[in-house]
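Written out below as structure tokens is the structure these notes cover.
In this text, all values refer to a predicted model and were calculated from it rather than measured experimentally. Chain identifiers are assigned alphabetically (A, B, ...) following the order of the sequence lines, protein sequences preceding nucleic acid strands; residue numbering begins at 1 within each chain.
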Amino acid sequence: MENFSVFDIVGPRMTGPSSSHTAGAARIALMARRIINREIREVNFTLYGSFAETGRGHGTDKALIAGILGFEPDDPRIRDAYEYAKERGVLVNIIMSDEPTRHPNTVKIEACDEDDRWTEVKGESIGGGNILITEIDHLEVELSGDYPTLIIRHHDEPGVIAEVSHVLAQLRVNIAFMRVFRHGRGEDAYMCIETDTEVTEGMQEIIRQLCKSIRQLIAV
Amino acid sequence: MIRIMSLLDAFESGKNLCAYCEQEQITMAEAMIRREIAMGELSRDQILAEMKKNLDVMREAIRRGLEEHVESVSRLSGGEAMRLFRYAKYEPFSGGNTCRAAASAMAVVEVNAAMGQIVAAPTAGASGILPGVLLECGIKRNWTDEQLVQGLFCAGAVGLLFAQNATISGADGGCQAETGVGSAMASAAIVELSGGTPEQALDAAAMTIKNILGLVCDPVAGLVECPCIKRNALGAANALLCADMTLCGITSLIPFDEVVAAMLAVGHDMRKEYRETAMGGLAATPTGKAVAAKVRRFQEYEKNNATF
């Protein structure tokens with residue numbers, strides 16, 4: 001983290017007690033909700049490392065539930081997240097794991113949406129409320145959530161990446177960071193594009209219609 | 001040849017920041033605001049409004065901690081801030097002002113432990129010092145909200161220098177990097193709001209760190225409660241004392257930038273037991289361990305009795 005904002009130092013505004021174990025956890029789950037982008041009916045949280053050891057005392061479980069319900073990290077309702085989940089009929093399961101992970105503050109989120117489809121998102125809380133989404137459906141990614149982000153699932157073939165970046169240039173959207181991932185040659189591939197400015201719904205639609213290879217677009 | 005300092009270089013070090021402020025004839029708070037504008041996300045008005053929101057949340061956290069009955073999720077803490085604040089009326093040894101600032105600092109961290117709303121400054125564990133000191137001094141000196149917001153930007157500038165040149169994470173540099181930096185930020189802010197120069201503000205910040213250099217992060221049961229809450233009280237007192245020392249003309253023998261470097265070096269020399277792992281210091285005492293075991297049992301009980 002090189003380029004701190006003053007609001008990273010005097011801030012963020014958050015619900016306590018821990019920027020990594022509460023605010024970060026809420027942000028990971030909120031990102032997962034945005035990635036899934038559907039109403040969630042059931043969710044399993046698996047907590048690893050320090051999340052598993054001191055998570056409950058830090059309200060990590062409540063923060064995760066709050067995030068999946070769409071509450072921001074400074075929402076005072078985090079404290080009563082269990083009640084809100086019950087009220088909305090969201091089934092929650094918290095699992096503490098002692099399996100080792102790369103980062104001590106790691107959580108795996110498996111969520112079932114209203115169409116009975118399960119999505120798995122893995123995230124790390126890397127300190128000071130900053131996070132990294134590291135896996136979406138077993139695909140390794142790296143999303144910070146600090147920038148508007150496009151996740152594009154497409155068929156792995158030449159020219160798709162060029163087309164998408166070309167259209168973004170024409171729309172005057174500057175790409176801050178971009179990474180590409182794939183399951184295997186010629187299979188499903190993903191682009192994660194972090195941009196300086198918001199990609200509007202209209203722009204998203206243009207990208208969606210760009211070519212047949214683009215199968216799915218998620219804006220986070 | 002006169003070297004022109006650019007805004008880009010101004011936040012490289014305390015020395016650069018002072019030179020930039022001198023060259024532009026501005027405060028550190030103003031330099032901080034200009035840098036934020038230059039980052040290009042928000043306008044000046046939006047930046048000021050955003051910081052005012054932080055001030056409002058800080059003030060409300062103090063009010064809650066001092067007026068309402070707050071209890072942490074672990075049930076280890078709550079209510080002590082209120083006790084100290086009431087006691088401040090009876091000619092305390094540390095002085096009414098110090099006592100109230102310390103109580104206000106504790107109030108914020110108690111609210112934090114009770115899953116209330118706070119502003120990290122620079123972290124949640126050190127979130128009490130800056131609001132406690134700034135708002136108590138604001139009452140004493142009749143500072144307006146506009147002035148207090150300037151104070152928060154000045155504090156931000158100092159915190160930024162630590163974040164960029166050392167660390168503001170307990171897991172990385174121990175408690176000195178959290179309550180130490182929070183204290184340095186608060187001290188500099190009240191010095192600048194009292195008309196002190198950027199050099200004086202950074203001298204105050206340097207002295208606060210010198211006073212607690214090497215402070216370990218050893219949270220009992222891994223929770224942001226013991227000793228964090230009372231260390232915020234100490235941080236407030238340390239900030240006030242260093243501000244007074246600076247304003248009466250005392251300087252720091254070791255310059256700010258060298259103190260920052262020393263803090264990082266000491267932090268990295270600390271064994272991991274002393275960096276937020278809850279494996280050393282107070283966390284490893286017989287009582288610390290017993291409390292941790294009790295908290296774990298309580299959490300197991302809550303888990304088994306949860307609705308899900």
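With hydrogens and angles ignored, the 3.5 Å screen pairs a side-chain donor or acceptor of B:E36 with a backbone N or O of A:V6. Side chain of A:R79 to main chain of B:A114: a donor-acceptor pair is present (N/O by atom type, distance under 3.5 Å, no hydrogens or angles). A donor-acceptor distance shorter than 3.5 angstrom exists from the side chain of B:N54 to the backbone of A:V10, with no hydrogens or angles considered.
Residues A:F4 and B:L160 approach most closely at CB-CD1, 3.2 Å, considering heavy atoms. B:A221 approaches A:T54 most closely through the heavy-atom pair O-CG2, 3.7 Å. Taking all atoms of both residues into account, the shortest heavy-atom contact from B:A124 to A:P17 is CB-O, 3.5 Å.
Other residues, nucleotides and ligands contribute at most 12 non-hydrogen atoms within 6.0 Å of the CG atom of A:D98. Around atom CZ of A:F181, more than 12 heavy atoms belonging to other residues, nucleotides or ligands sit under 6.0 Å away. Heavy-atom neighbours of B:L7 CG from other residues, nucleotides or ligands within 6.0 Å: above the threshold of 12. Residue-environment remark: CD (A:E201) stays at or below the threshold of 12 foreign heavy atoms within 6.0 Å. When the shell of 6.0 Å around CD of A:E140 is examined, it contains 12 or fewer heavy atoms from other residues, nucleotides or ligands. Around NE2 of A:H166, the count of heavy atoms belonging to other residues, nucleotides or ligands within 6.0 Å does not exceed 12.
Contact of A:T22 with chain B is made through the side chain alone, with heavy-atom distances under 4.5 Å. If you measure heavy-atom distances from B:M51 to chain A, the contacts under 4.5 Å come from both the backbone and the side chain. Using a 4.5 Å cut-off between heavy atoms, B:V57 touches chain A through its side chain atoms alone. With a 4.5 angstrom heavy-atom cutoff, B:I33 does not touch chain A via any of its atoms. In this structure, no portion of B:E225 lies under 4.5 Å from any heavy atom of chain A. Of the atoms belonging to B:I118, heavy atoms from both backbone and side chain fall under 4.5 Å from chain A.
Counting heavy-atom pairs under 4.5 Å between each of B:G116, B:S74, B:A121 and chain A puts B:G116 at the top.
Between the CZ atom of A:R13 and the CD atom of B:Q117 there is a distance of 8.5 Å, given to the nearest 0.5 Å. If you take OG on B:S127 and CE on A:M14, they are separated by 7.5 Å, rounding to the nearest 0.5 Å. To the nearest 0.5 Å, atom CE of residue B:M32 and atom CD1 of residue A:I9 are 8.0 Å apart. For the atom pair B:E276 CD and A:S20 OG, the distance stands at 6.0 Å (nearest 0.5 Å). To the nearest 0.5 Å, atoms OG (A:S5) and CG (B:L42) are separated by 8.0 Å. Annotation: the span from A:H21 atom NE2 to B:L223 atom CG amounts to 9.5 Å, rounded to 0.5 Å.
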